Amino acid sequence: MSLLVRCALFSLCVLPAAIGSAQNWPQWRGPAGDGVAPAADIPVVWSERRTIVWQAPLPAFGASTPVIWGESIFLTGQDDTDLLLICLDKASGRVEWTEQVGVGVTVREAPKRSRQKFHNIHNLASPSCVTDGTVVICHFGNGDLAAYDFAGKQQWKRNLQDDHGQYTIWWGHANSPVIDGNLVISACMQDSLADISAEPAKSYLVAHDKRNGNQRWIVERDTGAAGEEGDSYTTPIFAEVHGRRQMIVMGGNQLDGYDPQTGRRLWFLPGLVGGRTVTGPVFSDGFVYATRGMRGKMIAVNLEESLPQDYWKAEQPIELSHRDIVWDYSTGTPDSCTPVVWEHLLFFVADDGIARCVDAKNGKLYWKERLAGGYKASPIAVDGRIYFLNLKGLTTVISASTRFNKVAENQLPAETVASPAVSGDRIFIRGAEALWCVGE
């Protein structure tokens, strides 16, 4: 059966499926953007020769997370100057198609300010794709934003640097796009250069129609953060508070919430001074958790308590204060890895491998333990277990409990920066040269 016909039949089957289906990992950090996988009996123990369904060599390197819908896996990669969108078959690992989205140069040496240069562990293919089963959206560090159907046909393309100015983020743009209804929303949070430039660079949130790429709204996000403190590599998340859906953004020393359909800012918590922000926010059970940049304090804010019932009706954004911070935690917070919440527990790992478990409601420390190696990938939670993937292909599996219980250590021969993804009863781990499918 031709690929086009298969994709058409597949679309008829999956369109009614919820974004939270156990088969789908549609965006950075999964169905809800929180690193929690729907209940699934995924493996606990594996190795290079055990419990590996397939290993698929990849045509290009990138740090983007695998994005999965139905039987399709989407990844971005960079091969020299070619920026690629790659589609693999989930059952076999076979590359179904590869499309060149654009071209770009990964700048490694540049002045500290005025233009971006990339950290040596990533390139222009760091943002993860996002899909809703009808279209897959990819974004690259050169500003290219494009939409494709599941057969690999480009629907539209535009470049955010062409539209809104050159990126000035210090270490390479890496924010992933998100989808809300018919909108695809992108974040750009960067050094304003206000002290050295007559025309400061803008930080902004921008929404495009996912069907045709037309811009629907754009809002500036001026937090007053100076220099590198304005840089943020985080991805927006969605939350429902008092029955209303909102989009939460962390970066530039500020945490705030927006109406995703209009871009109107609903509330903000300023003064979270730290530095450039890599670790993203997490929402669970009414609480939002965020970490100040440069390994600053982790904070917890109960939005259900801090925001009035009709907060979206306020004429001006509601300013929260530090009195709204329920708890903070200052020791060994992550610089890169976004935390994950399982039930009433919050788990996080510092880049140097010290993992911690705290009470999500009050910040009480239950345990801290050293895991092997260094970390950039964010942990995931699956069926009462937490999976920590280090830079050398080692996944440590622990019980999601108030006592440290290491269940397994699983080694693959791979360099691993990208966070893992889960689909059904399988876990997908991207290495520098190959994608691994782990399952019974």
Side-chain angles (χ1 to χ4, degrees), residues 19 26-28 33 127-132 134-141 143-147 155-169 173-190 192 199-225 230 232-252 254-270 280-281 283 288 303 307 310-319:
I19 198 168
Q27 61 185 345
W28 159 243
S128 299
C129 302
V130 62
T131 182
D132 62 355
T134 64
V135 66
V136 57
I137 312 286
C138 57
H139 181 48
F140 292 89
D144 281 345
L145 179 70
Q155 305 300 295
W156 54 265
K157 176 185 172 183
R158 61 191 308 149
N159 186 282
L160 299 189
Q161 289 197 100
D162 291 342
D163 291 347
H164 308 295
Q166 181 175 283
Y167 290 149
T168 58
I169 194 166
H173 187 86
N175 313 70
S176 300
V178 292
I179 287 176
D180 185 72
N182 285 326
L183 299 182
V184 54
I185 303 170
S186 308
C188 175
M189 295 175 278
Q190 57 192 358
S192 70
E199 294 186 15
K202 296 177 181 178
S203 293
Y204 57 87
L205 306 171
V206 61
H208 298 92
D209 193 309
K210 71 176 184 182
R211 300 163 295 189
N212 53 34
N214 292 338
Q215 183 175 302
R216 294 278 292 275
W217 58 255
I218 183 169
V219 293
E220 290 188 27
R221 191 174 182 275
D222 182 10
T223 65
S232 178
Y233 306 83
T234 66
T235 295
I237 61 173
F238 296 101
E240 186 170 298
V241 179
H242 296 318
R244 285 279 179 151
R245 184 170 170 84
Q246 61 171 264
M247 181 176 70
I248 299 174
V249 180
M250 174 63 188
Q254 184 166 292
L255 179 69
D256 45 22
Y258 298 81
D259 180 338
Q261 286 297 302
T262 65
R264 185 171 69 93
R265 189 168 65 170
L266 303 172
W267 59 269
F268 65 104
L269 174 56
F283 181 83
V288 59
L303 293 181
L307 295 176
D310 57 352
Y311 64 94
W312 61 86
K313 296 180 181 179
E315 293 184 3
Q316 298 295 325
I318 297 170
E319 181 174 357

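The first residue of the sequence shown is numbered 1, and numbering continues consecutively from there. All values reported here derive from a predicted model rather than from experimental measurement.
Taking the centre and axis of the six-membered ring of Phe238, the NZ or CZ atom of Arg245 falls inside the cone set by 45° and 6.0 Å.
Across all their heavy atoms, Ile185 and Pro260 have their closest contact at CD1-O, 3.6 Å. Between Ala225 and Ser192, the shortest heavy-atom contact is O-OG, 4.4 Å. Contact record, Trp217 with Leu183: NE1-CD1, 3.6 Å, taken as the closest heavy-atom pair. Between Ile248 and Ala239, the closest heavy-atom pair is CD1-CB, 3.9 Å. The heavy-atom pair separating Val288 from Pro281 by the smallest distance is CG2-CB, 4.4 Å. For the pair Lys202 and Cys188, the tightest heavy-atom approach, listed with the atom from each and the gap, is O-SG, 4.4 Å.
In this structure, Tyr233 OH and Met189 CE are separated by 10.5 Å, a value rounded to the nearest 0.5 Å. The structure places CZ of Arg216 at 14.5 Å from CD1 of Ile218, a figure rounded to the nearest 0.5 Å. The CZ atom of Arg244 lies 10.0 Å from the CG atom of Asp310; values are rounded to the nearest 0.5 Å. With values rounded to the nearest 0.5 angstrom, Gln27 atom CD is found 10.5 Å from Asp132 atom CG.
Listed for the Ser203 side chain is a donor-acceptor partner under 3.5 Å among the backbone atoms of Gln190. Checked by atom type and distance alone, the side chain of Asn159 pairs as donor or acceptor with a backbone atom of Asp162 at under 3.5 Å. Counting only distance, with no hydrogens or angles, the side chain of Thr234 and the backbone of Met250 share a donor-acceptor pair below 3.5 Å. Side chain of Asn175 to main chain of Ser232: a donor-acceptor pair is present (N/O by atom type, distance under 3.5 Å, no hydrogens or angles). When atom types are taken as modelled, the side chain of Arg221 and the backbone of Gly251 share a donor-acceptor pair closer than 3.5 angstrom. Formation of a donor-acceptor pair under 3.5 Å by the Gln261 side chain with backbone atoms of Asp180 is found in this model. Judged by distance alone, with hydrogens and angles left aside, the side-chain atoms of Tyr311 form no donor-acceptor pair with the main-chain N or O of His242 at under 3.5 Å. The backbone N or O of Gly213 sits less than 3.5 Å from a side-chain atom of Arg158, completing a donor-acceptor pair. Listed for the Trp267 side chain is no donor-acceptor partner under 3.5 Å among the backbone atoms of Leu255. Of the possible polar contacts, none joining the Thr168 side chain to the Ala201 backbone as a donor-acceptor pair under 3.5 Å is found.
Residues Val219 and Arg265 have side chains not in contact (no heavy-atom distance under 4.5 Å, counting atoms from C-beta outward). The shortest side-chain heavy-atom distance between Gln246 and Leu303 falls under the 4.5 Å cut-off. With a 4.5 Å cut-off on side-chain heavy atoms, Thr223 and Phe268 do not count as touching. Contact check for Leu160 versus Tyr167: side-chain heavy atoms found under the 4.5 Å cut-off. Side chains of Lys210 and Thr134 form a contact here, defined as non-hydrogen atoms less than 4.5 Å apart. Residues Asp144 and Lys157 meet the side-chain proximity criterion, which asks for heavy atoms closer than 4.5 Å.
Evaluated for a side chain to side chain contact (heavy atoms under 4.5 Å, CB included) with Met247, the options Asp259, Asp256, Leu266, Leu205 yield exactly one hit, Leu205.
Aromatic ring pairs are classed by plane angle as parallel below 30°, tilted from 30° to 60° and perpendicular above 60°; the pair His139 and His173 is perpendicular. Ring planes of Trp156 and His208: tilted class, angle from 30 to 60°.
Listed by chain and number, the residues in a side chain to side chain contact (heavy atoms under 4.5 Å, CB included) with Thr235 are Trp28, Ser176, Val178 (sequence neighbours excluded).
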